[in-house]
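To find a chain, count down the sequence lines: A is the first, B the second, and so on, and within it residues start at 1.
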2 protein chains.
Amino acid sequence: MGRQMTEMLKGTLEGIVLAILSARPAYGYEITARLREMGFSDIAEGTVYALLIRIEQRGLVDVEKHPSEKGPPRKVYSLNAQGQEYLEDFWGTWSFLAERLEQLRKGE
Amino acid sequence: MGRQMTEMLKGTLEGIVLAILSARPAYGYEITARLREMGFSDIAEGTVYALLIRIEQRGLVDVEKHPSEKGPPRKVYSLNAQGQEYLEDFWGTWSFLAERLEQLRKGE
DNA sequence: TACTGGTACATAGTAACACAGAGTAGTTGG
DNA sequence: CCAACTACTCTGTGTTACTATGTACCAGTA
């Protein structure tokens, strides 16, 4: 992945994953696959799992273990109330940034 | 500043500064002031200076020293050809990210 | 003269995050 | 048995923005 994308994902990847979870619960491997479909073709698996552990420790998601038909059991994450609130903050921050950048892009 | 904003600025602040410089040359103190006017109210001065040194070392900007009426001489930065190219890459990366995020925001 | 405040740049140390790369397990099919 | 897919974990590294502090230069003023 490009250096620019790597740096830009810092902070936003977390929001992206929370947004995915706000649609419906999901587990790590599934989220990774979803990201790849979205075009984030080479986000490292390890990055996603580490992020999930982080947001779990911050209490933004609830976790349940479900057996899988194939492979080891899945850790299914779902956004809780605190996570929902945090996601709204994220959208606020994102909007602020996106507006300034659109302004900058036009302004020349 | 919030944790979210701090993380999101990683990767974007560089582009923001380059975009400011693409409009016209500027020096560090001036850029910091411009950022504050834009609403990035508490971006640390040290952050901007460090960033300017970084982009100078990468060869994205040219530097000239100009005497100042008040205080020490100014280091005036201007975007060069390589910087222009890099900025275009930045806009490409940004657009990609912004599109996915808008999609995610709508999709629920 | 001494002091204050604004201008202008620099640096050392810290925390957070994405990445690379390797490893551990379980299941299925050749 | 082993390759391929599923599913999660862990260690170490580089980049970045922040905090905090320091240097330096000038104007106005008491």
Look at the side chain of [X] and decide which nucleotide, out of [options], has an atom nearest to it.
X: B/K70; options: C/dT7, C/dA18, C/dA25; value: C/dT7
X: A/R74; options: D/dT6, D/dG14, C/dC19; value: D/dT6
X: B/E45; options: C/dC9, D/dT9, C/dC19; value: C/dC9
X: A/Y49; options: D/dA17, C/dC19, D/dT9; value: D/dT9
X: B/K10; options: C/dA16, C/dC19, D/dT6; value: C/dA16
X: A/Y29; options: D/dT15, D/dC8, C/dA18; value: D/dC8
X: A/K75; options: D/dT9, C/dT11, C/dG26; value: D/dT9
X: B/M1; options: C/dA10, D/dC18, D/dG14; value: D/dC18

Checklist entry - Is B/K10 paired with B/E7 through a side-chain N to carboxylate O contact shorter than 4.0 Å? => result yes

Checklist entry - When you check the gap from the basic side-chain N to the acidic O, do B/E64 and B/K75 get nearer than 4.0 Å? => result no

[X] [atom1] to [N] [atom2], straight-line distance once rounded to whole Å:
X: B/D42; N: D/dA17; atom1: CG; atom2: C1'; answer: 12 Å
X: B/L9; N: C/dA18; atom1: CG; atom2: P; answer: 14 Å
X: A/L13; N: C/dA18; atom1: CG; atom2: P; answer: 5 Å
X: A/L52; N: C/dA18; atom1: CG; atom2: P; answer: 11 Å
X: B/E14; N: D/dA17; atom1: CD; atom2: P; answer: 7 Å
X: B/F40; N: D/dC18; atom1: CZ; atom2: P; answer: 11 Å
X: B/Q4; N: C/dA16; atom1: CD; atom2: C1'; answer: 13 Å
X: A/E7; N: C/dA18; atom1: CD; atom2: P; answer: 10 Å

Checklist entry - With no hydrogens and no angle check, is any side-chain donor or acceptor of B/N80 less than 3.5 Å from a backbone partner on B/G59? => result yes

Less than 4.0 angstrom between a side-chain N/O of [X] and OP1 or OP2 of [N], yes or no?
X: B/T6; N: D/dA17; answer: no
X: A/R3; N: D/dT16; answer: yes
X: B/R54; N: D/dT15; answer: no

Item to check | Verdict with supporting geometry, B/E85 and B/L60, side chain to side chain contact (heavy atoms under 4.5 Å, CB included) | outcome: CA-CA 9 Å; B/E85 200 181 327; B/L60 306 179; over 6 Å; no

Next on the checklist: Any base atoms under 4.0 Å from B/G46, or only sugar-phosphate, or nothing? Heavy atoms, all strands.
Outcome noted: base

Checklist entry - Want to settle it: does A/S68 or B/V76 sit nearer the 5' end of DNA chain C, counting the closest nucleotide to each? => result B/V76

Checklist entry - Is there side-chain contact between A/T47 and A/T32, with heavy atoms separated by less than 4.5 Å? => result no

Checklist entry - Can you list the steps and then say if A/R3 with B/E14 is a salt bridge (Lys or Arg N to Asp or Glu O under 4.0 Å)? => result CA-CA 12 Å; A/R3 203 190 59 80; B/E14 187 177 288; 3.2 Å; yes

